[in-house]
Amino acid sequence: MQALLEYAIVGGVLYGIFFGLVAVGLNLIFGVMRIINLAHGEFVILGGFGAYWVSHSLGLNPLWGLPLAALGAVVIGFPLYYAVVPGLQRSRDPEMLSFILFFGLAQIIDAIISLGFGPDQRSLPDEALGGGTISVLGQAFPDSWWVAAGVSVLAILGLWLYLTRTRLGFATRAIMANRDEAYATGISVDKVSAIAFIIGLALAGAAGVFVPYLQGSVGPGIGNSLTTTSFAILIIGSLGNPVGTLFGGLVFGVGSMLMQTFYASWSDLVPYVLLVVIVLVRPQGLFGKAVRHA
Amino acid sequence: MSSEPILTLTNVAKSFGGLQVLSDVNFELKPGEILGLVGPNGSGKTSVINLISGVHQPEAGSIRFDGAEIQRLTPHARVKLGINRSFQVPKCFISMSVRENIEVAAHFSGHNADIPAILDDIGLTGMEATPAASLTANQQKMLDLGRALATGPKLLLVDEIGAGLNPAELTGIADLLKRIAARGISMIVVEHLMEFLNKLTSRVIVLSAGKIIFEGSLEDASHDPEVVTAFFGGAA
Amino acid sequence: MSALLEVDKVEAGYGAVQVLWGCDMVVNKGETVLLLGVNGAGKTTLLRTLVGLQPCRGGTIRLAGEDVTGLGPDARIRRGMAYMSELGVFPTLSIAENLRLGAYGSSNAEARTRAEAMYEMFPALAPKRRHAAGSLSGGQRKMLGLAKALMSGAEMIFMDEPSSGLAPVFVSQVIETLKGVIGGGTSLLIAEQNIAFLELADRGYLMDHGKMAVSGTRAELESSDAVRRAYFGVGAEG
Amino acid sequence: MKLKQFRLAVAMAAAALTAAGAASAASAPSVIKIGTLYAGSGNFAVASQAQYKGLQFWAKRVNAEGGVYVKAFNKKIPVKIVAYDDQSSTSTATTLYNQLITQDKVDLVVSDFGSVLTSVAIPLAKEHKMLLIDPTGSSAGFFKEKTDYLADVSIPSSAVWPMPLAKFLEQEHIKKIGIIYGSNDFDGSQADTLKAEFKKIGVTPVFDHAVPTGERNYTVLLHSAAAAHPQALIELGYLPNDVAFLKSLKSSGLHFPFVFTIFPGQFKQLMEKNVGADALKYTYSYPAPPMIKYEKVNLGMNTDQFVTAWGKTHKGAEPNFVNAGGYNAGILMAKAMGTSPKFTQLGMHQALLDMSGKITTVVGAYKLSPTGAQLGQRLPIAQFQPQKDGSLKTVVVYPDSHKTGNAIYPSPAG
Amino acid sequence: MRESWFKRARAGLITAAVLALVFSLAPNVYNNSSLLFMMMTYIVLSQGLNLLYGFTGYLPFGYVGFFGTGAYATALLVMKLHLPIGLAIAAGPIASMIVALVLGPLLRLSGAYFSIANLAASQILFIVIGNPNLQDITGGPYGVKIDEVYNPTASYAAMVVLVVVVTLIATFFRRSRFGQGLKAMADDPVSAEMSAIPVVRMRLLAWLTSAAVAGLAGALYAWNLSVFYPDAVFTLEISVFAIVFALFGGVGTVLGPIIGAGLLYALYNAIGISEPQYFQLIYGVLIVGLVMFLPEGILSLLTRRGINVF
């Protein structure tokens, strides 16, 4: 029993760190633009298909999917941002309208993936990320899990450094804090938001590279569940705080794995129950510091 | 008119996020009386109004209105008892017309309001169908007051109604408030503009940093050293 | 003296409500101008329109001779405007980060130099540079807001109600601080309802109901009946 | 007046419908319309499109020969497939089935893949007195009472799928069994049947967990299962579950003496591509045609012919089981049209019943119950045994009638 | 002073009568009654959602939770207790109102938080109802089958009645003091309290009404479908469609959701039937285009011109 518990916790930590990466891009976009990217899961899937293409058609290591995700985020994100976001923000209820707009976008991405790749699941070779296992505390997990968790930590750390150490990062947080004041300070709000949007998509795509490893395969149609799980994680963590999202991912990962070990059929409940409980008890998230409004 | 106070605040206190905004507030208001509530920015004037109208609930102390404790009642229940207020920044129902704004308040309070008379009071006669959103800021202020009157208040809390008005308008509104008071409606008037207040009442309470530092006539207040310091600081 | 800011028949409003009605105004280089007016007179809207936060529905705004009416706030601020709003700071960001953003368009090195100057000017901020701005007291926040506006090195600084929300003792502190700023070649336009600020000003305008009611030098305004009337509501009846 | 004319038109249309329903040789249609749905996206897209391709394959061949022979008209009539995309959504499927029946007035309705997308068609078919040709909707719940309007033609009811598996485990004296199954009708009913069969011989699974249908993370579950030391681990899931399960199993470094999953036997190529031959070696599955061969068929092509013909029209691709299922639905419909003296829904249903027990096709023996359940075509058990060249050979290990080799049990580690 | 109730309700009565007539006669012209039934279902759901979102500003992403609850309550009562279908249907809205009461605290949340928490709640309902451990109670993953009461004609007729009822409820919201109070709350809750409007209670009432409408729609849907799995009545798609349709038409009005659902659902099917390969793509492009070019809904084409839409 003890071994099972330990295994579930270590597994949950790795899985949760990875899900921190899955959710962090959504957090950034929601925090900065106050729009709900319902197509988030689809961007994760696009990252997975990118890695598949890199590995399958170019014969490269799937990790080359990471720079591809960044490139793709620029190519897709830049025009997409300017096409839809400023217009949304001028509308009566941007949060709610974005929900529908990005639902439509999710449909388009799903359809394009289906038309381009067909409906099949795609997997990536284990050997590309090592193929063996690494043990910690006597608990062996596949190399790919460690690589995914490692890249996730680095990506989230990178985002944190961006937000807390660079001028653009300050500006990004300033927009999250108060958009109007950001304008008044002379920040090019649209440019900074567009960069945040692109970073958000790139992080989603980067997470997608590892989906075939942690989920067995990637295929169109898993976007919805990735999006809703990401929402749960970002709310369990805190809005606008990448470290909080990592923490939210850990809570989700460990919670799910413990549930899976002992009451497997209920494990799906974990993110949603956590979400509902947290928004009711502590709406600012587990990691949010209450800011005093004088 | 009985001499029993219509409103009594006893040891009322309130804080937000660790910041004490009001402490130990005690005062009474007689039926038909107008009380001025003055104090520098941030001294807690609006908080007093919020506590009496039920927008916030006090942490300590009691608020009695018309002989009953009301500090745990919801705002709408207090409205039905006869407490209403205007807002410093008018909060009209912007998706509705002028008339609807007043009607809705009259309906829900169950008060059989004389809507034409109210429209006349607030100077919006002939604008019944105008959408509240297209009123000027001052007209919105008047509409906010009209909404309060439509519920048939016995106690009216008026929050900085004079701000942004020119002298002629100030005179007009002072006359209106006096007319309202003459109908037996008690009033607490929060105001910056002393001259304006002077037209309405002689009895004022001065708040500073959440405490009552003076209670008496406006004339005396202007000579009270503590009040002068609180108000004019070193700047004047 | 040459005109730095020229405001010509500016109109603005929100939705169906027009707030500004043909406002004219000039601020010269190095001059401190006070924009007086009671709550709701339209001061904030005018400032927001000048800096580009509020669309200008009519008239022109020129900065150093250049028409900036159609530019966004970031472009105007790059051209040498700065705006200190009533809120003034980003509460979730640290003091150092707030200052860095104040000098948004400048290099890191330049921003560092200026920040050090600010910590000298506002010594109370220096030990708290890593603290969140939200943890500051109201007066300190105003200091930070001012420092943030000064960080830009702008020639033309707009200040919206530097005294709002402050206890009187802090108001005088703000005035003292501003005295230190004036004379450095920076033009200031201070929107205030507190007449105490008149002591800082070279000239002033009085706004009433979205219009420029009176303008003149400090002395003219101090003795103006119109100011007394409109502002204090006294003298209207004689 | 207009309303009157309208009523008249409706009445005439109704009369025409009735007449068509009771059609005699009077008027032969110019085409036979076969209506079906497929999922262009969503959970069922992979399998659904495979089934649709199989049906299209059949139609193409039949039309190449001048159409399907319809006995009632005593001539060959070309077939036309009318197909819509239900996007794996049951509510969209409902309206589209109804569209096929009421607007396109198709002659036969073939349901989309699987029980979920078939379920909504069942009451509609009954209501409109249309025979529902159901290739793969195998939920036991569908076949509880007698009906003239449902025929499961290609795969056995999911409740009977695991019978051979249970028997095989019994035969091999494997008593410590672990089961992981998805929370859905297809997997749940198989798990229930397995457990009921085990109970008969006094076996209780040592590990028994339902997981959410969307479960894609089996690493921790596998570890928990290993802690129970089962001699056999059976994972019952949908295709993505099996992929995730087998991949997790391989990368976890865990080893079980016997591992069973459902889909490698039906989508061997796809599974090999996804999880690699290495992850499949020594595992067991239900081998479906073309993996097991039915040489002696008396309707349509036998397995080898089917594989060859499919390859010719699909650039050398190898068909999978669901392709075969789609094709099989086609040839059975053709046979029904070719034998029923009347071209009516009831007539064709009767023809399908009459064929029961007498026919073997590419997917095996065909046996239809009066409730519409498919009782033939039991799926054997096979093991994927690695060959010297690294490829996997599908060795049927049970039942004896199909046996092509012996099971290697326990499977060698590493 | 105030118009008589009849005058105020007139537009609603006319709308309801037109809808009743159209959907009663439509099967004679176009006899894909499933499509017509689904269209009515979406009209009801969009309108039910409008009662909440259009009048209080709360957008329930998890609206399908009430729909599924109603469907399951009805189906299970028929299956397990063999209740007559009429009674079982009445239990649908009751069950969804009970769920709404339990979820009442969510109304304390604002904006996206409310919506996402509501979405999570609907997922919880789905996972619980579809769980194999509750198979004996809910049927679990095997779903439900009540084809013994299957009656497409009667369920169709019942849905026509529900369309009428919902139109009248929406008319009440649009034209009554109650609805005016809701609007006032949405404009400014503090000022609404100061107009003696019991904000919390009225918001809960709108929430319960909206839930009951979805529950009843679910109950009738269950009756009409008679064989279904948990995901058929808990799929997010239902929430999303209801939201998209309501917003497309224009919320806060009576006609908006009716027009939105009617038009867009018809268009959805037209694409699905004429261009099956590009179904999803075209539909996605259509939705994106609508939000970008008609963010206030199709009725804004009229309101922008100053025409007051009922």
Side-chain angles (χ1 to χ4, degrees), chain A residues 1 3-4 7-12 14-15 56 107 110-111 113-115 118-127 129-133 135 139-145 211-222 224-225 253 256-269, chain D residues 38-50 85 87-88 180-183 188 207-228 237-254 267 270-271 273-276 278-279:
Chain A
M1 216 51 181
L4 283 185
Y7 194 81
I9 290 172
V10 176
L14 294 176
Y15 196 63
H56 207 254
Q107 296 287 306
D110 253 359
I113 294 175
S114 294
L115 291 171
D120 295 354
Q121 278 79 30
R122 310 286 166 141
S123 299
L124 292 170
D126 281 322
E127 295 70 31
L129 301 187
T133 59
S135 296
Q139 313 298 331
F141 279 90
D143 291 346
S144 54
W145 281 48
V211 164
Y213 289 100
L214 280 97
Q215 305 262 293
S217 62
V218 64
I222 58 168
N224 253 348
S225 73
S256 295
M257 292 302 103
L258 285 176
M259 199 67 157
Q260 203 188 51
T261 303
F262 301 106
Y263 305 98
S265 66
W266 297 102
S267 61
D268 265 12
L269 276 181
Chain D
Y38 64 92
S41 57
N43 294 334
F44 303 106
V46 177
S48 168
Q49 290 181 31
D85 177 3
Q87 303 193 330
S88 301
I180 300 172
Y181 64 98
S183 305
F207 183 83
D208 176 10
H209 272 299
V211 299
T213 299
E215 190 58 76
R216 299 286 183 270
N217 173 10
Y218 287 87
T219 305
V220 171
L221 268 169
L222 276 166
H223 197 83
S224 312
Y238 282 129
L239 205 147
N241 303 95
D242 289 2
V243 170
F245 172 83
L246 288 166
K247 283 201 69 138
S248 295
L249 178 58
K250 182 180 170 258
S251 58
S252 69
L254 293 169
F267 291 89
L270 186 66
M271 291 299 287
K273 206 167 73 184
N274 273 314
V275 305
D278 213 30

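These figures come from a predicted structure and were not determined experimentally. A, B, ... follow the sequence lines: proteins, then strands. Residue 1 opens every chain.
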Query raised in the report: What's the spacing between Asp242(D) CG and Ser217(A) OG if we round to 0.5 Å?
Result: 10.5 Å

Query raised in the report: What are the two closest non-hydrogen atoms of Val211(D) and Ala264(A), and how far apart are they?
Result: CG1-CB, 4.1 Å

Report summary line: From the list Thr213(D), Asn217(D), Val243(D), the residue making the most non-hydrogen contacts under 4.5 Å with chain A is Asn217(D)

**Report entry** Met257(A) side chain reached by Thr219(D) side chain, heavy atoms, under 4.5 Å
**Finding:** no

Requested in this report: Determine the minimum heavy-atom distance between Thr133(A) and Ser251(D), stating which atoms define it.
Outcome: CG2-O, 3.1 Å

Query - Most chain A-contacting option - heavy-atom pairs closer than 4.5 Å, from Ala227(D), Gly253(D), Ser183(D), Pro240(D) - result: Pro240(D)

Report summary line: Okay, Leu270(D) and chain A: the region with an atom under 4.5 Å from a heavy atom over there is side chain

**Report entry** Check: Gln260(A) main-chain N/O paired with Glu215(D) side-chain donor or acceptor under 3.5 Å
**Finding:** no

Query raised in the report: Can you name the ring-ring contact (aromatic ring centres under 6.0 Å, His included) partners of Tyr181(D), sequence neighbours left out?
Result: none

Query raised in the report: So which of Gln139(A), Gln121(A), His56(A), Arg122(A) has the largest heavy-atom pair count under 4.5 angstrom toward chain D?
Result: Gln121(A)

Query raised in the report: Any side-chain heavy atom of Asp110(A) sitting closer than 4.5 Å to one from Ser41(D)?
Result: no

Query - When Ala45(D), Gly42(D), Ser248(D) are compared by non-hydrogen pairs under 4.5 Å with chain A, the top option - result: Ala45(D)

Query - Set of ring-ring contact (aromatic ring centres under 6.0 Å, His included) partners for Phe141(A), sequence neighbours left out - result: Tyr7(A), Trp145(A)

**Report entry** Selection from Lys273(D), Gln49(D), Gln87(D) maximising heavy-atom pairs under 4.5 Å formed with chain A
**Finding:** Gln49(D)

Report summary line: With chain D, the option among Gly118(A), Pro119(A), Gly221(A), Gly216(A) that has the most non-hydrogen atom pairs under 4.5 Å is Pro119(A)

Requested in this report: For Lys250(D) and Gly131(A), indicate whether the former's side chain and the latter's backbone hold a donor-acceptor pair under 3.5 Å.
Outcome: no

Report task. Kindly compute the distance separating CG (Leu221(D)) from OG (Ser267(A)), expressed to the nearest 0.5 Å. Result -> 7.5 Å

**Report entry** Part of Thr261(A) lying under 4.5 Å from any heavy atom of chain D
**Finding:** both

